[in-house]
**Student:** 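Structure below; questions to follow.
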Amino acid sequence: AAKLDLQHSSAFNNFVITCSIIGICDKATKDINHVMRNICEKNGDFKINPYNPEIPYRAGLYYYGNKDYNRAIENLFVSIKLDPKFSEAYNYLGAAYAETKKYDKAEESFNETINLDQKNIAAYTNRAIVFGKLGKHDKAIEDLNKAIDDLDLRNANAYYNRGVSYRELGNNEKAIADFANAIGVDFKHADAYNDRGAIYFEQDNFAGALEDFSVAAKLDPQHPHASKNLKTICIITRSCDNDTKDINSLLSDDYIGGEDLKTKPDDAGIFFRVGMYYYENKNYKKAIENLLKSIDINPTFEAYNPLG
């Protein structure tokens, strides 16, 4: 198809993808004419080794990259059947299982990866994420300790995921430290800023939360939580312009880290609005805590009614 119609974009893309999967192209795949002369025109001379585990492995990676996880699993299974010691095939098999929320099978696949390759950092990190999904946070921390201390001290995602597990276990001090470590390694790690901001918010450090949510939303405008968190903290602290719908107006360099980020710790209105935020989200315990703080600062404040 690509030879008959050189302008056929789908044929060209499919041809190059297939070449890459079956490993018959040289590195000059950008030159379609060169590839076609050396492959297509050979006709019957061209053969594929059906016993090469690399071919279904690369097909699995292709499907994984395109989020077709079931097809990825099918091909990675074939690769492992051809080579039962193919550690990276097990690793991506585990990742595909994790994406389909089959966490028990994902754990088994990562176990096999690590049995075959005990220095595979990605496998330890991936298994730790799965442990977290299964609520096995202590095991997750063990894997991430291994990934960080023994294999790679500059692994931002390992620090971040360990911080997530510490937070789930209620150890906010260590969680904040690990989020800071992740940011130290990768200053563009939006998840680390966002999650640290969430802890600051819970600790009534509204200035810290506001700054971290601002940075996270600026780094990743498509982040699933950062922009929403930023708007929430803006409304609560009244530190932003009234037009909070315009997220870009909140993310200027002058705004982030500026004087407007400072909030008064004795402002009864802030704790009242935090209490109302938790009340609306049905977290009544946190709502009561913050409404009581509002009343402690100003006993005549209107917090008594929602407190009741």
Side-chain angles (χ1 to χ4, degrees), residues 20-21 23 49 51-65 67-169 171 174-175 177-186 188-189 191-192 195:
S20 300
I21 287 173
N49 178 3
Y51 302 106
N52 182 358
E54 290 283 346
I55 293 176
Y57 168 71
R58 288 191 291 267
L61 297 191
Y62 166 75
Y63 284 120
Y64 182 87
K67 299 183 179 181
D68 187 345
Y69 302 116
N70 289 327
R71 293 296 297 276
I73 290 169
E74 290 174 9
N75 281 274
L76 292 165
F77 253 124
V78 174
S79 178
I80 291 168
K81 187 174 181 180
L82 293 170
D83 182 2
K85 294 185 178 181
F86 198 159
S87 63
E88 273 306 299
Y90 279 108
N91 191 40
Y92 275 97
L93 179 63
Y97 275 135
E99 292 289 351
T100 57
K101 302 186 186 304
K102 297 175 182 176
Y103 298 122
D104 289 332
K105 289 187 176 181
E107 180 184 344
E108 292 174 5
S109 297
F110 293 134
N111 287 344
E112 194 60 37
T113 306
I114 293 169
N115 288 338
L116 293 167
D117 180 6
Q118 296 183 3
K119 294 184 178 181
N120 191 316
I121 298 173
Y124 284 105
T125 304
N126 290 338
R127 188 171 69 174
I129 294 172
V130 168
F131 280 147
K133 297 292 185 182
L134 294 171
K136 302 176 182 179
H137 296 292
D138 288 327
K139 286 190 173 183
I141 290 170
E142 288 179 14
D143 269 3
L144 293 165
N145 287 342
K146 176 73 174 181
I148 294 168
D149 298 336
D150 296 347
L151 300 174
D152 186 6
L153 290 172
R154 302 285 298 172
N155 190 322
N157 285 331
Y159 283 117
Y160 168 73
N161 286 308
R162 191 170 68 178
V164 170
S165 284
Y166 276 130
R167 186 184 178 199
E168 290 293 331
L169 291 173
N171 193 332
K174 286 189 175 182
D178 268 340
F179 293 147
N181 286 331
I183 293 166
V185 175
D186 178 7
K188 294 185 177 181
H189 204 300
D191 286 332
D195 286 22

**Student:** Distance check, rounded to the nearest 0.5 Å: Phe77 atom CZ versus Leu93 atom CG?
**Tutor:** 5.5 Å
**Student:** So which pairs with a foot in residues 97-110 pass salt bridge (Lys or Arg N to Asp or Glu O under 4.0 Å), sequence neighbours left out?
**Tutor:** Glu107-Lys136
**Student:** What pairs with Asp191 under side chain to side chain donor-acceptor pair (under 3.5 Å), at least two apart in sequence or on another chain?
**Tutor:** His223
**Student:** Once rounded to the nearest 0.5 Å, what's the spacing between atom OG of Ser165 and atom CG of Asn171?
**Tutor:** 11.5 Å
**Student:** Specify the closest pair of heavy atoms between Leu116 and Pro84, including all atoms of both residues, with the distance to one decimal.
**Tutor:** CD1-O, 4.0 Å
**Student:** Does any non-hydrogen side-chain atom of Asn75 lie less than 4.5 Å from one of Tyr57?
**Tutor:** no
**Student:** Is there a donor-acceptor contact under 3.5 Å from the side chain of Asp117 to the main chain of Thr113?
**Tutor:** no
**Student:** List in chain and number order the residues that pass side chain to side chain contact (heavy atoms under 4.5 Å, CB included) with Ile148, two or more places apart in sequence or in another chain; answer none if no residue qualifies.
**Tutor:** Leu153, Ala158, Tyr159, Arg162
**Student:** For residues 79-90, which residue pairs qualify under salt bridge (Lys or Arg N to Asp or Glu O under 4.0 Å), counting only residues two or more places apart or in two chains?
**Tutor:** none
**Student:** So, taking the atom named CG in Asp178 and the one named CD1 in Ile183, what distance separates them when rounded to the nearest 0.5 Å?
**Tutor:** 11.0 Å
**Student:** Please report the closest heavy-atom contact between Ala128 and Ala140, naming both atoms and the distance.
**Tutor:** O-CB, 3.4 Å
**Student:** Output yes when a side-chain donor or acceptor of Ser79 lies under 3.5 Å from a complementary backbone atom of Pro53, and no otherwise.
**Tutor:** yes
**Student:** Which residue pairs satisfy the salt bridge (Lys or Arg N to Asp or Glu O under 4.0 Å) criterion with at least one member in residues 140-155, sequence neighbours excluded?
**Tutor:** Arg127-Asp143, Lys146-Asp150
**Student:** Which ring-ring contact (aromatic ring centres under 6.0 Å, His included) pairs, counting each pair once, include a residue from residues 91-126, with sequence neighbours left out?
**Tutor:** Tyr64-Tyr92
**Student:** Is any side-chain heavy atom of Asn145 less than 4.5 Å from a side-chain heavy atom of Ile141?
**Tutor:** yes
**Student:** Heavy atoms only: give me the nearest Ala156-Ala182 pair and the separation to one decimal.
**Tutor:** O-CB, 3.5 Å
**Student:** What residues form a salt bridge (charged side-chain N to carboxylate O under 4.0 Å, His left out) with Glu74, not counting sequence neighbours?
**Tutor:** Arg71
**Student:** Just how far is it from atom CD1 of Ile129 to atom CG of Leu134, taken to the nearest 0.5 Å?
**Tutor:** 12.0 Å
**Student:** How many angstroms lie between CG in Asn157 and CG in Leu144, if you round to the nearest 0.5 Å?
**Tutor:** 10.0 Å
**Student:** Please identify each residue that fulfils ring pair (Phe, Tyr, Trp, His ring centres under 6.0 Å) with Phe179, with sequence neighbours left out.
**Tutor:** Tyr160
**Student:** With Glu54, which residues qualify under salt bridge (charged side-chain N to carboxylate O under 4.0 Å, His left out), at least two apart?
**Tutor:** Arg58
**Student:** What residues form a ring pair (Phe, Tyr, Trp, His ring centres under 6.0 Å) with Phe131, not counting sequence neighbours?
**Tutor:** none
**Student:** Measure the CG-CG distance between Asn120 and Asn91 for me, rounded to the nearest 0.5 Å.
**Tutor:** 5.0 Å
**Student:** Work out which heavy atom in His137 is nearest to a heavy atom in Gly132; give both atom names and the distance.
**Tutor:** CE1-O, 3.5 Å
**Student:** Could you report the tightest heavy-atom contact between Gly60 and Leu76, atom names first, then the distance?
**Tutor:** CA-CG, 4.2 Å
**Student:** Minimum heavy-atom separation for Asn161 and Thr125, please, with both atom names.
**Tutor:** ND2-CG2, 3.9 Å
